[in-house]
Amino acid sequence: MPGIELKNITKRFAKFVAVENFSLDIESNAFITLLGPSGCGKTTILRMIAGLETPTEGTIIIDGKVVFDADRGINLPPIKRDIGFLFQNYALWPHMTVTQNIAFGLENLKWDKARIKSRIEDLLATLHISQFAERYPNELSGGQQQRVAIARTLAPGPKILFMDEPLSNLDAKLRSEMRAELKRLHKDTDSTFVYVTHDQLEAMTLSTKVCILNTGVLQQYEPPLVMYNRPANLFVADFMGNPPMNFLTGTAQVHGDSADVTFAGLKGKFESENGFSLGGKDVVVGIRPERIHISSDGAIEAKVYSALPAGMETTVHLNVNGTQLTAVVFGDIDYPVDSIVRFSLSKTAILFDKSTGNNSAIGKLTLFGD
Amino acid sequence: MELQLTNRVRMTRLSGKTRAWFTKPANIILLVFVILLGVLTLYPLLTLLMETVIVHSGREASAVRSLGLAKGDTTWWHFQKLLFTLNDGGAGGIRLSNSWIQFYSPFLNTMAVSLASSFIAILFGGAVAFLITRTNMLFKKFVSAVFVFPYIMPSWTLALFWQTFLKNTNIGTGTSNGIFASMFGIYAPEWLVYGFFPISLVLGLHYAPFAYILIGGILRNMDANLEEAATILKTPRSRIIRKITLPIVMPAILSTFLLTFASSMSAYAVPVFLGSPVRYYMLSTKMKSLMDTYSGQAYIIAGIMIVFGVAILLLNQKLTNSRRSFVTVSGKSSQISQINLRKANKPIAIILVAILLIVAVLPLITFAMESVIIKAGDYSLKNMTMDFWIGQNLTYLDQGDSNGILLSAKIWKALGYSVLLAVVCSLIAGTSGMLVGYGIAKRRGSKLSSAVNSLSFFPYLMPSLAFGAIYLSMSSHVPWLRGFALLAIVGSVKYLPFASRSGVNAMLQLSGEIEEAAIITGVPWFKRMTRIIFPIQKATFLSGYLLPMVSCMRELSLFVLLVPTSNTILTTMLMQYSEKGWAQFGNAINLLIVTVVLLLNYTVNKLTGASIDKGVGG
């Protein structure tokens with residue numbers, strides 16, 4: 001099972017640096033997501049591993065074999081890297097039928113006819129598109145085209161699969177359907193997936209590990225739930241989760257393993273699990289919306305600014321002493337606008353160092369009532 | 001020791017980079033073409049400049065002998081003679097001076113004709129474009145099909161028709177009466193048959209389809225909402241046209257104006273037929289006639305034409321790239337409601353159809369008639385014969401051949417030569433254009449890419465006749481550059497802009513992922529081009545082959561200076577024949593050329609869906 005190793009990869013275009021001194025270890029059989037806002041260099045990294053783009057510096061090792069090394073002048077073409085690539089716009093060849101699209105690459109690898117035929121039949125069946133075998137791409141819907149593109153990519157049986165925002169052109173319903181298929185596919189093909197997306201939900205739901213990037217620099221590389229609960233910095237915390245984490249500026253006075261925290265006109269006690277690494281006393285308090293617990297026996301009073309019931313959960317915007325807080329309440333419950341509610345905090349909250357933006361403590365935050 | 005090591009690493013790294021650079025076909029293509037085009041456009045331009053200050057043999061050498069100059073010497077005499085000899089000391093004053101006759105008068109004529117013909121082209125072409133796209137006029141299908149005919153046919157077709165139809169014994173070098181004078185007994189005045197008026201009119205009609213294509217394209221693709229928004233605001237129809245529609249098509253109109261101006265300026269065949277018989281010269285015809293006597297002065301005129309051509313077209317590029325050129329194409333455009341012409345519909349449609357019949361169909365009938373009459377000016381049946389077409393061993397034909405043109409070895413040879421040249425130019429230009437397009441699109445934004453882009457567009461900026469002139473001057477420095485090779489190269493380079501534009505368009509429409517999907521499975525470059533890229537963009541690439549072929553088949557001004565007398569092509573042969581007054585053969589050959597061009601256009605159109613009006617547009 002092949003793993004991928006990136007060492008000190010830098011990619012400079014004429015004027016700007018797209019990726020800076022980037023290193024990453026991808027275990028074999030992983031489902032890795034490169035996540036970040038557009039222009040953060042994630043697609044460039046994917047294309048460099050695939051061999052479609054040449055790094056300016058660094059080394060790339062796939063399955064123990066050096067496929068790129070700037071110092072030694074090694075640069076293997078894509079075909080010698082034993083990979084598959086699924087493109088954002090599918091890149092189906094419009095002048096070929098579904099069968100021809102899939103067969104073209106296999107013919108090129110000098111497979112014999114019978115083998116190609118049976119391989120195509122298998123793939124079409126797996127992806128539920130057997131009935132479209134002789135259609136042209138423009139006679140298919142977006143979702144069907146996507147399946148053909150996947151079949152074409154899987155056809156030669158690559159051990160590593162790269163995917164560049166493959167679901168971004170589909171509507172919401174199809175997207176969640178394809179997500180399930182992709183996760184299944186990862187299990188069935190037994191190969192390593194590297195997936196690029198700007199959609200945090202996709203990254204959360206699909207990957208074994210997420211790699212968050214910002215302006216070409218690695219921010220954090222962890223399994224998705226670890227990243228959700230223990231974000232390395234403000235950028236990661238803000239990027240993961242929807243609705244996003246509440247960020248409230250305030251101050252913290254540390255005494256041993258706990259601290260007195262003041263923010264948004266509120267006072268509380270923060271009990272850290274892992275000590276503090278604070279430069280000063282200015283902090284940003286991070287609270288996940290679902291950890292704001294609305295109940296009649298809550299410690300703090302707040303006014304409902306607006307409530308958005310979605311059936312399964314309701315997003316409530318609260319006004320506390322002039323500061324906005326977002327809370328999520330599970331179940332089909334609605335709150336009248338301007339009504340008064342009470343809340344308290346459950347589970348963990350995070351303290352970020354305001355000057356560096358880094359995570360400086362994770363722990364339990366208890367708010368004092370009036 | 002350590003320093004040596006880092007040096008070694010740096011060297012491997014550099015060589016690795018160079019190797020990586022050369023593994024990309026786009027880079028190699030661009031490198032090859034930047035060198036090739038540099039040599040093929042800039043070098044001849046340089047030799048042209050040199051020719052303007054060098055004494056040539058023949059009359060030029062004897063004229064400057066008194067100044068102590070001999071052949072090969074360097075001198076400003078050509079400039080002095082052409083531009084600054086405004087008083088020869090004779091009694092005639094400025095109007096009889098050498099500079100006036102050889103330069104200023106042709107220059108003013110050129111400007112006047114170019115202006116007038118551009119106006120005619122825009123008014124006529126724009127009006128038809130409006131009628132077709134915005135009104136419920138009758139016979140739209142017929143009009144839009146026939147209207148582009150004059151643009152597909154060689155430019156001199158109309159000129160030759162005008163001359164043959166209206167000529168009479170009263171004017172010019174008239175030795176016989178044309179159809180009009182013979183049939184109706186009316187002798188047309190000279191201003192109507194020769195000189196400024198007919199040249200402007202004929203060029204205007206020839207370029208009207210060009211205006212039609214450009215302006216019509218914008219009118220058709222304009223977002224209906226733009227006009228609908230004004231309608232909702234209760235704007236009257238006429239005001240919408242004046243305040244919304246016209247300003248939006250204005251950039252297209254300006255662009256058309258500049259392009260027709262530049263094309264008219266360099267037109268050669270039309271002023272030869274309609275100007276030369278009455279000594280009405282334009283820069284192009286003057287340059288051609290000076291080329292045989294005072295070639296230094298001819299090269300100066302060529303240089304001036306190039307400067308004008310380049311300036312006008314650069315101006316056009318600047319204009320069309322500026323903010324004032326509106327992007328009006330929108331995907332969500334509904335059908336614009338058409339103006340009901342009501343009672344005026346029939347008269348307008350009938351007049352338009354009549355004009356089109358005269359402009360596009362009558363010439364062909366005239367050529368056919370002229371090619372079968374024995375004695376000029378007599379259009380009765382008993383004066384007609386098929387001998388000029390299929391006669392054999394007839395001494396009375398007396399036109400340099402004893403066989404009719406369909407049986408003449410000379411004609412078949414010239415036709416074969418023309419077709420061969422068209423095919424070779426089309427293959428070279430089309431293929432180069434595709435490669436250049438690939439390279440430019442793949443490496444878009446790089447310096448090399450924009451250099452090749454400008455170089456491949458450069459030949460478009462140069463007037464054909466002047467472009468022929470600079471290759472003439474270059475061929476005198478390069479011994480092997482003669483005959484067919486010279487024609488093939490000049491044709492290929494001159495038509496490259498059409499092809500490279502098609503190529504770039506085709507590549508830009510194609511997402512890069514389409515090719516990368518094949519790279520991933522290890523498909524080699526050549527196979528990617530032939531199996532993926534070309535088949536997908538077949539129509540656009542093929543129009544890059546078609547345009548050079550059709551243009552080459554009907555090309556005269558580019559080749560007229562370069563064609564060797566031994567191996568002539570059909571168009572230059574036509575020119576020789578009509579200069580010698582061999583009317584029947586001339587008309588027959590002309591009909592032959594027009595037929596071949598129309599057939600070629602039709603066949604390729606049917607086969608590939610590519611058409612001449614695609615990709616045209618400066």
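In what follows, chains are A, B, ... by sequence order, proteins preceding strands, each numbered from 1. Worth knowing before you read on, the calculation uses all heavy atoms, side chains too, and leaves out hydrogens, waters and symmetry mates.
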Discussion item. So does B/Arg531 get a backbone contact from the side chain of A/His95, meaning a donor-acceptor N/O pair under 3.5 Å?
Written reply: yes
Worksheet item: Once you round to the nearest 0.5 Å, how far does CG of A/Asn108 lie from NZ of B/Lys527?
Response: 4.0 Å
Worksheet item: Is it the case that more than 12 heavy atoms not belonging to A/Lys7 sit under 6.0 Å from its NZ atom?
Response: no
Practice prompt. Please check if the side chain of A/Asn89 supplies one atom and the backbone of B/Ser511 the other of a donor-acceptor pair under 3.5 Å.
Written response: no
Discussion item. Need one label for A/Leu86: side chain, backbone, both or neither, based on atoms under 4.5 Å from any heavy atom in chain B.
Written reply: neither
Fill in: Euclidean distance, B/Glu516 CD relative to A/Phe85 CZ, rounded to 0.5 Å
7.0 Å
Fill in: Atom pair CD1/CZ of B/Ile520 and A/Phe162 - distance to nearest 0.5 Å
8.0 Å
Practice prompt. Can you establish whether the number of heavy atoms outside B/Arg444 located under 6.0 Å from its atom CZ is more than 12?
Written response: no
Discussion item. Please report the interatomic distance CZ(B/Arg528) to CH2(A/Trp93), rounded to the nearest 0.5 Å.
Written reply: 10.5 Å
Worksheet item: Quick one: what part of A/Glu107 sits under 4.5 Å from any heavy atom of chain B, side chain, backbone, both or neither?
Response: side chain
Practice prompt. For the pair B/Ile514 and A/Phe87, evaluate side-chain contact (heavy atoms from CB on, under 4.5 Å) and give the outcome as yes or no after the intermediate values.
Written response: CA-CA 9 Å; B/Ile514 288 278; A/Phe87 294 94; over 6 Å; no
Worksheet item: Should we say atom CZ of B/Phe22 is surrounded by more than 12 heavy atoms from elsewhere, each under 6.0 Å from it?
Response: no
Worksheet item: Checking heavy atoms, do the side chain of A/Arg81, its backbone, both or neither come under 4.5 Å from chain B?
Response: neither
Worksheet, complete the sentence: Cut-off 4.5 Å, heavy atoms of chain B, and the answer for A/Leu109 is side chain
Discussion item. Between B/Pro524, B/Gly512, B/Ala517, who has the most heavy-atom pairs with chain A when the cutoff is under 4.5 Å?
Written reply: B/Ala517
Worksheet, complete the sentence: d(B/Lys24 NZ, A/Thr54 OG1) to nearest 0.5 Å is 4.0 Å
